[in-house]
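Everything quoted here is computed from the prediction, not taken from an experiment. Letters A, B, ... are given to chains in the order of the sequence lines, protein chains preceding strands, and every chain is numbered from 1.
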Protein chains: 2
Amino acid sequence: MEKINLKDYAENFVDIYNDIQETFPKAVLHQAFICKFSSNEYIVRFDEDIQHLFLLLDGRAKIYIVHENGKRALIQFLKKDDFIGELSLIEVEKNLKDVVAINDCTCLAVPLASSKEHLLNDNLFLHNLSKYLGDKLLKRTDHYTAMQDYEFKNRLAKYILQIENDGCFQEKHTETAEYVGVSYRHLLYTLNQFHEDGLLEKKGRKYFIINKEKLERLSSKKD
Amino acid sequence: MEKINLKDYAENFVDIYNDIQETFPKAVLHQAFICKFSSNEYIVRFDEDIQHLFLLLDGRAKIYIVHENGKRALIQFLKKDDFIGELSLIEVEKNLKDVVAINDCTCLAVPLASSKEHLLNDNLFLHNLSKYLGDKLLKRTDHYTAMQDYEFKNRLAKYILQIENDGCFQEKHTETAEYVGVSYRHLLYTLNQFHEDGLLEKKGRKYFIINKEKLERLSSKKD
DNA sequence: ACCTCAATATGAGATATCTCCTATTATTAT
DNA sequence: ATAATAATAGGAGATATCTCATATTGAGGT
């Protein structure tokens, strides 16, 4: 993890810095700095106290919940403008999560201890936070209810459509399996089935969508 | 649905009214009133606009998400002090949920249109709302991740312990099945198994816990 | 009191999904 | 560079869970 002075960063990323200024009150920004995490580095660990509120400025990360039985579930992917640690700020979180950088990540880091007061008295910030939390709640609920109301192949179709890029699906299978909540083995089976059914074409380790309509029909299966 | 004047209600429920006064700014309370819903009545329908923010004062209700494939999942039980419609207040909800009274419910109703401004500018209210949403997020996440990381018998054990009263479990099986996310048939199987394993005793339609330790061990199964 | 609909109960058979095993590549770290 | 670790890939067998069918019992409405 590498720390960078906020002023230095601001010079190179003017537009992002402007957005930051609209999100956080000035008094708080004086204490903030930039953190860079490299791929696979832990941003937050479930068994360590969290000291900062982060705002993800660049890169992708993933949140894991760690269960008592040792199993870990990938509960959310984070991208630009996502908060990390906002539940600690409002003091509702008892069990921290693991947050891991997927690729190189740049974050704004705000020390919790000294900023809490300011943030919780800033109306605009609170309003934004509420919207952010509400949105997160809805997304997470959708994700998980889909999980129990749809069969895996429907969910996988939806996931592929959601994450594909130029018709190419190249997520790590291990991560996909953790996120969509099936065993690695079963993911492979289903992927092969999609291949046999003429939905996907496999080239090396990548899959290409060759019948998008069919995949879309599968993703919103009503029967 | 029966409407009652807030003043009339306040006379009979002084303590509850005091709590309400701390939650909502005065200007908003002037427009508020009391709603009484009877058992099985819809408080909110997924296909109708929502006009009020509700605060549940008495009774229990349940939230359903309605999927495109027609299936419905029970996503949360509501009790005293839970909000209904708070996501519409902050304008993040696109797909409404069904909210149904389980028994007779008493709610404070705040007209959304005329109160939105006031509420979103009240710092205390926003702070409370953030905490409420954060808490809801965590609970829902726990519920659903447990769903994929634990086998059904473990989850059922946990659920029974959570909802039992004086050692007696008497929830409707249909509701339980919807909440814990298995078919009614499979719930029955597992309940029978609990009976055979000496965890539960059946009397009429009620189940009584006869081996709590064993049930607790099952609920937090680490292996 | 009678009818209707919802909830309870259970059987039989199908299958979606899991666990465990074993190889073969990629990636990362020393 | 080379070892070590993680990711990909697939076989074989087990089982958790589902769907469908049917019968009985309970509760609410008129």
Quiz item: Rounded to the nearest Å, what distance is computed from the CG atom of residue Leu188(B) to the P atom of nucleotide dC20(D)?
Solution: 17 Å
Practice problem: Could you tell me the separation between the CG atom of Leu156(A) and the P atom of dA16(C), rounded to a whole number of Å? | Solution: 14 Å
Quiz item: Can the ring centres of His143(B) and Tyr144(A) be said to be less than 6.0 Å apart?
Solution: no
Practice problem: For residues Pro111(B) and His52(B), report the shortest heavy-atom separation together with the two atoms involved. | Solution: CA-ND1, 3.5 Å
Quiz prompt | Contact under 4.0 Å: Asn192(A) side-chain N or O vs dG10(D) OP1/OP2 | solution = yes
Practice problem: Measure the acute angle between the ring planes of Tyr179(B) and Tyr159(B), then classify it against the limits of 30° and 60° as parallel, tilted or perpendicular. | Solution: tilted
Practice problem: Using whole Å, report how far NZ of Lys206(B) lies from P of dT8(C). | Solution: 13 Å
Exercise. Treat primed atoms plus P, OP1 and OP2 as sugar-phosphate and everything else as base, then score nucleotides 22-30 of chain C 5' to 3': B for base contact with protein heavy atoms under 4.0 Å, S for sugar-phosphate contact only, - for none.
Key: ---------
Self-check item: Partner residues of Thr23(A) under the side-chain contact (heavy atoms from CB on, under 4.5 Å) criterion, sequence neighbours left out
Solution: Phe83(A)
Practice problem: Please tell me if the side chains of Ile160(A) and Leu200(A) come closer than 4.5 Å, counting only heavy atoms from C-beta onward. | Solution: yes
Exercise. Grab the CD-P distance between Glu196(B) and dT10(C) for me, whole Å please.
Key: 11 Å
Quiz item: If you draw a 6.0 Å radius around NZ in Lys158(B), do more than 12 non-hydrogen atoms from other residues or ligands fall strictly inside?
Solution: no
Quiz item: Do Met1(A) and Lys36(A) have side chains that get closer than 4.5 Å, going by heavy atoms?
Solution: no
Exercise. Just report the end-to-end axis angle for the helix from dT4(C)-dA27(D) to dT30(C)-dA1(D), five pairs per end, to 10 degrees.
Key: 70°
Quiz item: What parts of residues 163-186 of chain B reach DNA chain C, counting only heavy atoms under 4.0 Å away?
Solution: Lys172(B), His173(B), Thr174(B), Tyr184(B), Arg185(B)
Practice problem: Round to a whole Å and report the spacing from NZ of Lys203(B) to C1' of dA9(C). | Solution: 20 Å
Extract all donor-acceptor atom pairs below 3.5 Å that involve side chains of residues 86-99 of chain A and protein atoms in other chains or at least two apart in sequence.
| from | atom 1 | to | atom 2 | distance (Å) |
| --- | --- | --- | --- | --- |
| Glu86(A) | OE2 | Lys136(A) | NZ | 2.7 |
| Glu91(A) | OE2 | Lys116(A) | NZ | 2.9 |
| Glu93(A) | OE2 | Lys97(A) | NZ | 2.8 |
| Lys97(A) | NZ | Asn95(A) | O | 3.3 |
| Asp98(A) | OD1 | Phe46(A) | N | 2.8 |

Practice problem: Ignoring backbone atoms, test whether Lys202(B) places a side-chain nitrogen or oxygen under 4.0 Å from the OP1 or OP2 oxygen of dA9(C). | Solution: yes
Exercise. Compute whether any side-chain donor of one residue and acceptor of the other, for Glu178(B) and Tyr64(B), lie under 3.5 angstrom apart.
Key: yes
Quiz prompt | Rounded distance (Å) that lies between atom C1' of dA9(D) and atom CG of Leu187(A) | solution = 11 Å
Quiz item: Rounded to whole angstrom units, what separation is found between the CG atom of Asn154(B) and the C1' atom of dT15(D)?
Solution: 15 Å
Exercise. Identify, with sequence neighbours excluded, every residue that meets side-chain hydrogen bond (donor to acceptor under 3.5 Å, both in side chains) alongside Arg140(B).
Key: Thr141(A), Gln76(B)
Exercise. Answer yes or no: is there an ion pair linking Asp135(A) with Lys131(A), defined by an N-O contact shorter than 4.0 Å?
Key: no
Self-check item: 5′-ward residue of the pair Tyr207(A)/Tyr189(A) relative to DNA chain D
Solution: Tyr207(A)
